[in-house]
Amino acid sequence: MDVKSILNGSSEWPDYMDYLPNMDLIRENIMLRVLASVESLEFDRYTPDDVRRALGARECTVYDFAALLSQAAVPFLEEVAQRARKETRARFGNSVTLFTPLYIANYCVNQCVYCGFNRSNRIKRARLESDELEREMRAIAASGLEEILILTGESPRMSNVAYISNACAIARKYFRVVGVEVYPMNIREYTALHSCGVDFVTVFQETYNMQRYGELHPGGRKRIFPYRFHAQERALMGGVRGVGFAVLLGLSDFRADAFATGLHALMIQKKYPHAEISFSCPRLRPIPGGSFTVSRDVSEAELFQVMCAYRIFMPSANITISSRESARFRDNVVGIAATKISAGVDVGVGRHAKNVAKGEEQFEIDDGRSVSEICEMLASRGLQPVMSEYIYV
Amino acid sequence: MKTLNNRLVLGEHEFTSRFILGSGKYSLNLIKAAVENAGAQMITLALRRANPGGEENILDFIPQGVTLLPNTSGARTAEEAVKIARFSRELGCGDFVKIEVIRDTKYLFPDNYETVRATEILASEGFVVMPYMQPDLNVARDLASAGAACVMPLAAPIGSNRGLQAREFIKILIDEIDLPVIVDAGIGCPSQACEAMEMGAAAVMANTAIATAGDIPLMAEAFKNAIEAGRSAYLAGLGRVLENGASASSPLTGFLSAAD
């Protein structure tokens, strides 16, 4: 089968573990080590004593991390939160960084069954052209934000690397910090983005359960699990400063997925000690026109447990709290585990400036508060809003 | 008399305060009170936090008359540190620079090799260079030859509040290096700052211990008092400490007089 028919969405797809011909191959055993660790994990074996030991230990080991994520830690959630807050305060003090995501295009060749941008979803598709990007970004910058996260769907025709690079170069004119959350790329493509001002790359693995991954991604380049897995490493090889990790909680066993996410991040951190690590913690949300149902909803308490476990396991990592969550939940987790919060969020394409609204949203958000409202909330909780803690060199 | 000119000298600048205050990790509106209570004449500033003309710009909250000590946090190489220092000068933050070159995001350990390289370049450009370093005698000597105005060894991993873990090595720097030795990073409470000063440190820099205290201005004041107490004790000369209890009742040299 040729690459063209694959990209055009042929019904005949390769196995999700096989690289496509034009994908950079990383001969590295991080993936096998993470997957083997997850496979050997037996959450049922963790006891309250394991959780107590994890909470008392000065350094959180991989086993401690698993204990903190396990069912056995549920009755200890208060103690887990106390420890998480201590770590957060030691590393970040009372600083909380603000940013906003900007969706610049929602064309997509992928078929992720849980996503609003799925190619077979009949939604309004659009992409922002240069003049529209300028207007959107000017409108966002006027709110005082200094950090932007650029997002797209995956479309070689409508949102190729040149298109994204151009958008990022425009973003650099208005913002000090530019990150991307786009499809995985090859090393030289990350280098190209970096030269346009991008220093942070986030890639959601969605789930680390390979079989489930295969079921959820029946087509599109995204189907290739290992290419996605190694994206952070390629981005670092391409020269970016920081990389973000996440699973979409609820696609598979969320405890195992969170464990794999932490382990993946740890191994990257060990191999690239200069890399700044961050975690996102999205739960599945309803999508426009979608009927996908999860095997089991992840509760707020479970999400909170995951965030605290990430914090204790990797104290220096940034943790972002999504606008998918309620204002009440977000207000309470900043300062305990989360250190980054989005503000003034609109996940549709082109809706920050007047007269630009073009495309539909990827998912529904819960907290649409403005930048100044988020700043007020943080100040009222004794927290310091930070617009940027970064310098492009 | 040591007490007649009890000043901290950095390059051509003199300070009466020996407490360098950090400005990170706490609310911007508390900086002024912290500086005042600390009696600090110098405050560090992460250039990457500066947001000139923008919202929540830390520069707007630093009181007039305090010397800025911009740091190069965010730099992973000497070249990046040099870039950030030059940017700081362009921004009007003065000629002081605290070099931080860190390529380890877990422990935030300074990279001594890159720090020496950055010091050479920036000292030659007329900066008052204050390098943050791991206490290593050879590196401290290299920094002195490269034109550093002081050396700033870490006491413990930054932000850890674990105190003078590197006591022995810092003491060696104090004994051997003819530059002010400013203990930076890891000091967790006033008593540890006092101990560093008693040992002969020229000054102490602290941030997290104050930023994460319940009452920030009050803790700043506590540090000020501890640092002054430690300095006075150093100048006074610490009393003799008997390491192994009282002196032996039968002196080991008693046999010498028996021969008379």
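Worth saying up front: this structure is predicted, and the values here are computed from it rather than measured. Residue numbers start from 1 in every chain, and the chains themselves are labelled A, B, ... in the order their sequence lines are given, proteins ahead of strands.
Few gaps surround CZ on Arg172(A); more than 12 heavy atoms of other groups in view lie less than 6.0 Å from it. Atom CD of Glu59(A) is surrounded by more than 12 heavy atoms from other residues, nucleotides or ligands within 6.0 Å. Crowding of Arg103(B) atom CZ: a count of heavy atoms from other residues, nucleotides or ligands under 6.0 Å not exceeding 12. Crowding of Phe169(B) atom CZ: a count of heavy atoms from other residues, nucleotides or ligands under 6.0 Å not exceeding 12. Other residues, nucleotides and ligands contribute over 12 non-hydrogen atoms within 6.0 Å of the NZ atom of Lys271(A).
Arg176(A) places a side-chain N or O within 3.5 Å of a backbone atom of Arg48(B) that can act as its donor or acceptor partner. Looking at Gln384(A), its side chain does come within 3.5 Å of a backbone N or O of Leu28(B) through a donor-acceptor pair.
Interface summary for chain B: among Ala379(A), Cys375(A), Ser388(A), the most heavy-atom pairs under 4.5 angstrom belong to Ser388(A). By number of non-hydrogen pairs under 4.5 angstrom with chain A, the leading residue of Ala50(B), Ala211(B), Gly24(B) is Ala50(B). Between chain A and the options Leu47(B), Asn57(B), Ile84(B), the largest number of non-hydrogen pairs under 4.5 Å is found for Ile84(B).
Contact annotation: the side chain of Arg49(B) approaches that of Ser95(A) to within less than 4.5 Å [non-hydrogen atoms, C-beta and beyond].
There is no contact between Ala46(B) and chain A, counting heavy-atom distances below 4.5 Å. For Thr208(B), the part sitting under 4.5 Å from any heavy atom of chain A is the side chain, from C-beta outward, and nothing else. Looking at Gln269(A), only its side chain comes within 4.5 Å of chain B, counting heavy atoms on both sides. Both the backbone and the side chain of Lys106(B) come within less than 4.5 Å of a heavy atom of chain A. For Glu146(A), the part lying under 4.5 angstrom from a heavy atom of chain B is the side chain only. Proximity to chain B (any heavy atom under 4.5 Å) is shown, for Arg241(A), by both the backbone and the side chain. Using a 4.5 Å cut-off between heavy atoms, Leu108(B) contacts chain A through its side chain alone, with no backbone atom that close. Heavy-atom distances place the backbone of Ala275(A), and not its side chain, under 4.5 Å from chain B.
Rounded to the nearest 0.5 Å, atoms OG (Ser73(B)) and CD1 (Ile391(A)) are 8.5 Å apart. Rounding to the nearest 0.5 angstrom, the gap separating the CZ atom in Arg58(A) from the OG atom in Ser160(B) is 8.0 Å.
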Full working for side chain to side chain contact (heavy atoms under 4.5 Å, CB included) between Arg76(B) and Val393(A) = CA-CA 10 Å; Arg76(B) 295 157 295 186; Val393(A) 281; 4.2 Å; yes
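Across Thr105(B) and His274(A), no two heavy atoms sit closer than the pair CG2-O, 3.2 Å. Pairing each heavy atom of Gly382(A) with each of Ser27(B), the nearest pair is O-OG, 4.0 Å.
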